[in-house]
Amino acid sequence: MTFLTFLVAIGMAVAMATMLARLFAGPTLYDRVLAANSFGTKTVLFLLVFSALVGRQDAIDIALLYALINFVATIAILKFFRYRSLEIALAQMSLRKALDGEYEK
Amino acid sequence: MFYGISLTAILVALWLTLSGPFTLSGNYPIVMGLGVISIIVTVALTYRMRIVDRETVPVGPAVPLFAYWGWLGGEIVKANLAVLRLIMKPEIEVEPRLVRVSAEHRSELGLCVFANSITLTPGTVTVDVEGDGFLVHALDNSFTDPAGFAEMGARSDTASDGKKTGAG
Amino acid sequence: MSAAEIFQHARDAFSIGAMAVGLVFVIAGAIGVMRLPDFYTRMHAAGVTDTLGAELIIVGLMAQAGDWQTAAKLALVGLLLFLTSPTATHAIANAAHRAGQKPDLSHFKPKHPADAGSSEGQK
């Protein structure tokens, strides 16, 4: 039982590392935001498993807060990049992508 | 008034869940006082924002929503297994599609529940809401079954509005 | 063996099963995010982690929780993830779509070893 919980914690850490790799490798901004969001979800799960592993209930409260902050941070990053200074860079990127052809309706 | 009382009851339950029922014993007057103050301030603020209605306190459609979540859970499991099979193939073979799903004659809550259900089911993500339809990105050709979308739309409509409408 | 022991063993077995399957789904979602070819397809792989993987691990932890308050808090975290993850996914997808990023709709086929050097996919 404890061994499986430990294994799940290790698995969460591995998944978090994978998400970090995508975060650094991601070709577009949205890959990075997606990786950051998914990293947050895995961190929440890691905290829950960690709290079961060491028998501390406090970590569940931290996980709850982290889930909330993760959601708000994702929305805030997206809003910043939609309405603020990177608009021009995004437009140039979209122009390059638009050459790939029209999607089907 | 009904929604205000429901909101207060939900907040009290949330407070008791998070801080523990020992606050009710009266030995920790500061903890209990802070809870009472924050609940009163929250309810007063929501009344001041005039958002206490059927959509923000969905106690009316709660029972049909939970029944709908049961059905949605089965769909999520099925779609998860399908996506898992696609991902774990030794060579990735997917055919992404962008399709339009019609969602006409719906309330805003119905639209929200429908779009959330599509996004929640792995393999399909609502990309945009355009007039009376959704733009849905599907991971593979096999996820773009119009009958499946129509059934999900009809069920979500029944769950959110409590009335039967035509399919899709 | 008393009824309480049987219940205890059934609870442990359920918890182990749920957490093991949840771990498989989370790892599969992480692998999918690394392997899939395009932003919009990676989004679906992240959805696998957010829905079934997370919920199964939380259900497994709830089954081995000691008291009701821990279980209630875990259920609260699960409900929060269940409600916010589709919203966040939709926000990211919608932001990418509004910024003009077009999804790659070509058919990603496994490459034949003979033409491994050529570009991937074809219209």
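A note on names: the letters A, B, ... follow the listed sequences, proteins ahead of strands, and every chain is numbered from 1.
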Are the side chains of [X] and [Y] in touch, meaning some heavy atoms are under 4.5 Å apart?
X	Y	answer
A:L7	C:M19	no
A:T18	C:I31	no
A:L45	C:I58	yes

Under 4.5 Å from a heavy atom of chain A, the part of [X] involved:
X	answer
C:Q64	side chain
C:I16	both
C:I27	side chain
C:T70	both

Taking atom OG of A:S38 and atom CZ of C:R42, what is their separation to the nearest 0.5 Å? 12.5 Å

Tell me, for [X] versus chain C, whether the close heavy atoms (under 4.5 Å) come from the side chain, the backbone, both or neither.
X	answer
A:N37	side chain
A:V49	both
A:L78	side chain
A:S51	neither
A:I77	neither

Residue pair C:I57, A:L48: steps toward the side-chain contact (heavy atoms from CB on, under 4.5 Å) verdict: CA-CA 9 Å; C:I57 286 180; A:L48 294 180; over 6 Å; no

Do you know the tightest heavy-atom contact between A:A67 and C:L81? CB-CD2, 4.4 Å

